[in-house]
Amino acid sequence: MLKIYNTLARDKQLFVPIDPNAVRMYVCGMTVYDYCHLGHARVMVVFDMVYRWFKACGYNVNYVRNITDIDDKIIRRASENNESIHILTQRFIDAMHLDADALGVQRPDHEPRATQYVPEMLEMIARLEANGLAYLAADGDVNYSVRKFEGYGKLSGKSLEDLRAGERVEVTSDKQDPLDFVLWKHAKEEEAEEVKWDSKWGRGRPGWHIECSAMGSKLLGDHFDIHGGGADLQFPHHENEIAQSEGAHQCQYVNYWMHNGFVRVDNEKMSKSLGNFFTIREVLKQYDAEVVRFFILRAHYRSPLNYSDAHLDDAKKALDRLYTALKSEEGREKGEGSVVVDWNEAYAIRFKAAMDDDFNTPEAIAVLFDLANEVNRSQSEDAARQLKALGGVLGLLGRDATEFLQGAGSDDGMILEQIAARNAAKLAKNYSEADRIRQALLADGIVLEDSAAGTNWRRV
RNA sequence: GGUGCGUUAGCAAAUCGGUUAUGCCCCGGAUUGCAAAUCCGGUUAGCCCAGUUCGACUCUGGGACGCACCUCCA
């Protein structure tokens with residue numbers, strides 16, 4: 001029985017899909033004008049984990065994660081670079097895919113781009129206008145009339161009064177209410193032709209919020225199960241989506257709203273505006289991508305996650321332990337791809353209970369460590385296979401253990417030569433020479449481990 | 001100012017009204033030529049103040065501190 005913390009209810013709720021066998025989920029993706037940072041990595045990994053768990057539970061999942069490829073920042077960046085927005089966005093979409101692939105993030109079923117759904121957006125705006133919820137302002141923008149939508153603020157728990165009280169400087173004066181937001185932005189002369197679309201309200205381009213409402217409806221229907229995104233999107237983005245979709249379709253938009261916590265640096269939110277962000281590709285130069293994925297999944301998705309080298313080092317050591325347990329299973333059944341979870345087994349039952357409790361991956365990973373202990377103790381191949389299979393549910397432990405532990409390096413031949421030399425010294429009972437070789441390798445980050453079967457090595 | 005979330009051992013991070021979280025670090029033992037890995041065992045908790053309770057880290061109330069949102073942001 002899967003329970004999900006629903007932001008709308010501020011409580012964990014039993015998950016009941018609209019269609020008994022299917023889950024339809026939408027996650028707000030990236031605005032592609034730069035490389036993804038660790039905060040983006042967290043959304044991708046977290047909802048990839050959710051996607052995988054739904055599938056592991058036997059659901060037919062339709063997962064949509066959009067791409068915002070039209071927006072002020074994109075237009076500005078393209079103009080700075082003196083290139084078309086299409087070229088710019090395509091470059092960063094490709095980069096995003098490389099980063100996501102490295103992190104073991106499966107591609108969503110659909111990755112709609114905003115620019116390809118403008119007709120749907122226009123249709124939705126027209127419907128809002130017909131329903132009396134949108135108006136054409138004097139400056140040529142079409143705005144959403146927030147006060148006309150009953151229940152505005154139900155997701156973020158804010159009342160219009162509270163919002164107005166804390167309102168920061170609002171320059172635009174053509175809005176009927178300062179909290180009204182733009183559905184359609186009128187075209188500006190200096191902007192390129194490729195960012196202008198025709199509409200009954202004149203040339204222009206869509207506002208940010210309408211993108212998700214239109215793409216969500218088009219690909220998942222007017223009413224679907226899950227909508228996710230970073231906690232910062234709760235307000236105003238998701239609040240506005242609700243206003244748009246429910247205002248246009250006159251039915252409930254989404255049943256369960258899920259929001260992941262931020263990645264922090266020195267206890268502050270990692271963000272572009274603060275400039276304290278690390279791009280995924282930067283981090284991957286220093287750390288294995290699976291270590292980064294493990295680091296993200298080791299915290300609960302709603303908790304804040306502090307990024308630091310020390311924490312990544314810690315994650316690397318922890319993951320080493322799991323792979324070390326898997327090492328024994330290797331070789332014995334090479335290529336035997338039977339990494340299927342036995343869900344009737346005790347550890348799997350604990351694992352499932354953790355995951356069913358609002359995707360409690362830290363608890364699920366704790367089960368993995370308990371199971372690793374069992375593997376080490378019993379040397380049971382079944383237990384090892386189960387460990388690998390359960391790890392696989394989280395998109396972890398999929399690699400060859402030895403390959404993971406030894407990591408990438410060009411001096412493998414040298415290492416093997418040194419091991420051979422050391423073994424010769426050991427045979428000759430020349431332990432000081434043997435220890436000298438081992439020390440020398442250790443200085444290069446190579447650890448030797450003697451066993452009955454011979455000497456193994458790994459990188460620290 | 002308004003709203004929401006959080007505060008667990010050296011670090012990270014879960015669960016739970018009474019029984020070992022887990023990982024890293026540290027200490028002891030087994031194992032090893034010595035190590036490493038592994039196993040066994042151990043030390044370090046629950047921001048503060050009240051209350052409820054036979055019993056609270058876990059529930060209730062108050063306080064302190066931290067973070068986030070109220071503007072684009074994953």
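Every chain is numbered from 1, with letters handed out A, B, ... down the list of sequences. Computed from heavy atoms alone, side chains included, the values below leave out hydrogens, waters and symmetry copies.
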Atom [atom1] of [X] to atom [atom2] of [N]: distance rounded to whole Å?
| X | N | atom1 | atom2 | value |
| --- | --- | --- | --- | --- |
| A:Lys154 | B:C70 | NZ | P | 21 Å |
| A:Leu155 | B:U3 | CG | C1' | 13 Å |
| A:Phe181 | B:C72 | CZ | C1' | 15 Å |

5′-ward residue of the pair A:Pro236/A:Tyr431 relative to RNA chain B: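 Taking each residue's closest nucleotide, the earlier one in sequence belongs to A:Tyr431.
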
Pairwise 5' ranking along RNA chain B for A:Asp313 and A:Ala310, keeping only the more 5' one: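 Upstream on the strand: A:Ala310.
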
NA contact type, [X], heavy-atom cut-off 4.0 Å: base, sugar-phosphate, or nothing?
| X | answer |
| --- | --- |
| A:Asn267 | sugar-phosphate |
| A:Arg422 | base |
| A:Lys429 | nothing |
| A:Gly229 | sugar-phosphate |
| A:Met44 | nothing |

Letter per nucleotide, 5' to 3', of nucleotides 36-45 of chain B [B base touched, S only sugar-phosphate touched, - untouched; heavy atoms, 4.0 Å]: BSSSS-----

Does the [N] base have a donor-acceptor partner in the side chain of [X] within less than 3.5 Å?
| X | N | answer |
| --- | --- | --- |
| A:Arg42 | B:A74 | no |
| A:Lys158 | B:C70 | no |
| A:Asp435 | B:G33 | yes |

A:Asn360, nearest nucleotide to its side chain (from B:A12, B:A14, B:G23):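 Side chain of A:Asn360 sits closest to B:A14.
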
Base-paired stems in RNA chain B, each at least three Watson-Crick or G-U pairs under 3.5 Å: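 In RNA chain B, stems of three or more pairs: B:1-7 with B:64-70, B:10-12 with B:22-24, B:26-30 with B:38-42, B:47-51 with B:59-63.
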
[X] with [Y]: basic N within carboxylate O range, under 4.0 Å:
| X | Y | value |
| --- | --- | --- |
| A:Lys327 | A:Asp400 | no |
| A:Asp139 | A:Lys185 | no |
| A:Asp141 | A:Lys175 | no |

Spacing of CZ belonging to A:Arg205 relative to CH2 belonging to A:Trp184, to within rounding of 0.5 Å: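 Output value for this atom pair is 9.5 Å.
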
Residue that, paired with A:Met44, satisfies side-chain contact (heavy atoms from CB on, under 4.5 Å) out of A:Val27, A:Val105, A:Ile296: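 Result: among A:Val27, A:Val105, A:Ile296, A:Val105 is the only option passing the side-chain contact (heavy atoms from CB on, under 4.5 Å) with A:Met44.
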
Presence of A:Lys269 side-chain N/O under 4.0 Å of B:C69 phosphate oxygens OP1/OP2: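 Answer yes for this pair, as a side-chain N or O of A:Lys269 is under 4.0 Å from OP1 or OP2.
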
Proximity of A:Tyr63 and A:Phe54 rings by center, below 6.0 Å: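 No, ring centres 6.0 Å or more apart.
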
Selection: residues 254-265 of chain A, any non-hydrogen atom under 4.0 Å of RNA chain B: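 Going residue by residue through residues 254-265 of chain A, the ones with a heavy atom under 4.0 Å of RNA chain B turn out to be A:Asn260, A:Gly261, A:Phe262, A:Val263, A:Arg264.
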
